[in-house]
K.L.:
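First the structure, then my questions, so here it is.
All chains are named by letter (A, B, ...) in the order of the sequence lines, taking the proteins before the strands, and each is independently numbered beginning at 1.
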Amino acid sequence: MTTTSAAQRLDKAAMAARVAADIAPGSYVNLGIGLPTLVADHLPVGSGITLHTENGLLGMGPSPAPGREDPELINAGKIPVTELPGASYFHQADSFAMMRGGHIDVCVLGAFQVSARGDLANWSTGSPDAVPAVGGAMDLAVGARRTVVMMTLLAKDGTPKLVADCTLPLTGMGCVSRVYTDLAVIDVGPGGARVVETYGVTHAALEDLLGLELGLTDTGED
Amino acid sequence: MTTTSAAQRLDKAAMAARVAADIAPGSYVNLGIGLPTLVADHLPVGSGITLHTENGLLGMGPSPAPGREDPELINAGKIPVTELPGASYFHQADSFAMMRGGHIDVCVLGAFQVSARGDLANWSTGSPDAVPAVGGAMDLAVGARRTVVMMTLLAKDGTPKLVADCTLPLTGMGCVSRVYTDLAVIDVGPGGARVVETYGVTHAALEDLLGLELGLTDTGED
Amino acid sequence: MTAQVYGTAREALGDIADGAIVMIGGFGPAGQPVELVEALLEQGAADLVVVSNNAGNGEDALARLIQLGRVRKIVCSFPRQVDSWHFDAAYRAGSIELELVPQGNLAERIRAGGAGIGAFFTPTGYGTPLAEGKETRVLDGVPMVLETAIRADVALVKAYRADGAGNLVYRRTARNFGPVMATAATRTVVQVSEVLPVGAIDPETVVTPGIYVDSVVRLDSTTTLAGARPAAGRATS
Amino acid sequence: MTAQVYGTAREALGDIADGAIVMIGGFGPAGQPVELVEALLEQGAADLVVVSNNAGNGEDALARLIQLGRVRKIVCSFPRQVDSWHFDAAYRAGSIELELVPQGNLAERIRAGGAGIGAFFTPTGYGTPLAEGKETRVLDGVPMVLETAIRADVALVKAYRADGAGNLVYRRTARNFGPVMATAATRTVVQVSEVLPVGAIDPETVVTPGIYVDSVVRLDSTTTLAGARPAAGRATS
């Protein structure tokens, strides 16, 4: 029932390493577009972690060497990737069945907002004149055994992204179990928001920053 | 609006040839267990007709030569078969999706009873002490673009198998469009039973035999 | 009926009626049937309903179809892209109807269309704006939304190889929507980089059985990278 | 988690709890995981719910499980066979519950279980005794029945080859229920005739990705006919 506290706010690489540290060896993992893709660089060699990309590949490898890109071998962000030994290809219905059926152990997503209850908003800014697009966000949010979010705790305008209630259009309800940020790792869910670790801020300062009452998590590990 | 009438009641081989004559070149066809399997022997060479077996093969060929049987290459009746060039294998959900989705042009089934409306009863004798079993019967009945039945017109005890209303448990409602028998070819459906051809019996004798009023079909061809 | 092989994309496409529902495969650049959509642009059909993961890029043929006002409605998971300006303009002008569908629901609805499943309950989208007004039900403790099947008049698909029976294999992540769309259309038109004799594709490795394929055209431009590993047929040991 | 390779069927099977739901692959002799079911017989679990296309033949292990009263219920499409005397006796004695399911609905319900689909509307069975009491709805003009997903605690599957990542290929019509059952169980146990190194199965030809496989055992008795064509890896041209 204690939280660890680093002296410093985490940079992106340190956040990614912190997410990676929670992923068990042998896991099947989907990394969302944007910040979460950095997690791949921090998965230990030999951990047997297999990456899924929802456009139809299990066993995704890193970016190819320059000049070796294949326009028919891309990830969900439409970036060229590689295939690792033991990979497999499948069509979109099979790929989302794999996701929706609870076969992916961990899905790491970016977010605009996460609520203390674990609601996720990450597909729409809610702007009335924006052209909408959703992609696989809603499928990923509810499909994995464990969905976690990696994001800065504050938006660029300084407003908190961990909130009592999401004000942006939802991606999924109660689907997020943990949020990894630059300032803290926080568990969310039916029991509300509970701090796991803080980085450069005190528990009290974090509560002030978010305007939320924060509990302490029972255990910092899965 | 005339029916042809052969002098003789058809034997099984002639019935199978008659069914085969109605199958268009290039069709995808599923032949049910029992009498309908005989149709395969009467499909013209070079007709480009492809046979589907619902246990997971498209492009099924005839029985293998003795000694060449493969216990892992069987048809829905669990009889060894062969694969033809251009064949493909798939799992049960894909195989029944192929059937249910209306991709099979013609399905030929046996029957205990067919009603003038096209209802089919072919999976249960209705005997209260029988152990029930259904297999793919219900899927086949409703899945194909065109479901036809091949059967003797009378049961062994002399009772008609083409009836006003099925008394046996149904396999599917209104799913049969044509019935090929030893005594007549009869269209069934919302417009009732209409004779296409008779073999060795007159239209009037057929009506007497069945205790049904029978119309004449508009055309004897598909 | 058995697949036919044609000499040009335009011939393979055949006639498309005004008002037709057209599925277009591809996810980003992978699996886009570029020349078949160009043939559709040339062919002239209008008032189309397009089912596609994306809504055109730059000046490509789908973008042009939208610009020309020939697409009445698009059923799509990710229409907004950096270069989807023709869709963006049409959407803002209110001249195109958008049915936005989560990607997995889109794939599953198309599969259902091909498999004769009328509708299904899925957890994806529950409690979100994209499920508003839809029937919901809690099944085995999970709240779900009822989604209906999607079928089309024509599906345009890019595969890697076909054999003369219409069997298809795909290449890497270009497989994406092709296999499900091929099952869900009255007529499926496929462009490939290679047409092999009947029997030249191992029956165990066929991804789309020929029963789903109506028209095939071989196009040099569909050819994948020189030296790329074949999609099927590599020795496994 | 990554698949484990075991030395015997009994070790691969592991512990099965009393009351477990067990899927057993196979259609007739093809694809029956004979040794895994024998291991289940030996292991001792009772009060089982079995999901399987058939209900045992002669004195095989599933028939024996039924004879011994260890199967409380069977979900099955074709239990009655010429040599299914142990099932027949148990059924007539009222000592086993039978849920009779049309074969395509059985396959689709298992697929739904693996795909996170809670239920679906299907035309199969509408208006028949097997749909009695079930919810119905007319969709796009077709009357349909609502069928729910089936999941299991353990699936017992026979495949042809596995690689070290658990990827599977099957052989001919022995593929049948294996690929869908593998997706729908908390734990999937597979017997194969060959285990290859990771990467030795072409990624384009994998039928069951390793993510669905927990335990693998190689058994000589699973080996298919000498000289039989390999399931994957034949040159396509």
K.L.:
Quick one: of A/Gly102, A/Gly143, A/Ala97, who has the most non-hydrogen atom pairs under 4.5 Å with chain D?
P.N.:
A/Ala97
K.L.:
Identify, with sequence neighbours excluded, every residue that meets salt bridge (charged side-chain N to carboxylate O under 4.0 Å, His left out) alongside A/Asp165.
P.N.:
A/Arg117
K.L.:
Can you list everything that forms a side chain to side chain contact (heavy atoms under 4.5 Å, CB included) with A/Ser63? Sequence neighbours excluded, please.
P.N.:
none
K.L.:
Between A/Met98 and chain D, which part of the residue has a heavy atom less than 4.5 Å away: side chain, backbone, both or neither?
P.N.:
both
K.L.:
Would a distance-only check, ignoring hydrogens and angles, find a side-chain to backbone donor-acceptor pair under 3.5 Å from D/Asp163 to A/Gly86?
P.N.:
no
K.L.:
For atom NZ of A/Lys12, decide whether the heavy atoms of other residues, nucleotides or ligands shown that lie under 6.0 angstrom number more than 12.
P.N.:
no
K.L.:
Looking only at heavy atoms, which two atoms of D/Pro209 and A/Ser88 are closest? And how far apart?
P.N.:
CB-OG, 3.4 Å
K.L.:
Counting only heavy atoms not in A/Asp41 (residues, nucleotides, ligands), do more than 12 fall under 6.0 Å from its CG?
P.N.:
yes
K.L.:
Non-hydrogen contacts under 4.5 angstrom with chain A: give the residues of residues 101-120 of chain D involved, or none if there are none.
P.N.:
D/Arg111, D/Gly114, D/Ala115, D/Gly116, D/Ile117
K.L.:
Any side-chain heavy atom of D/Ile211 within less than 4.5 Å of one from A/Ile104?
P.N.:
yes
K.L.:
Give a yes or no on whether the backbone of D/Thr183 and the side-chain of A/His103 come within a donor-acceptor separation of less than 3.5 Å.
P.N.:
yes
K.L.:
Holding to ring pair (Phe, Tyr, Trp, His ring centres under 6.0 Å), I want the full list of residues that pass it with D/Phe121, two or more places apart in sequence or in another chain.
P.N.:
none
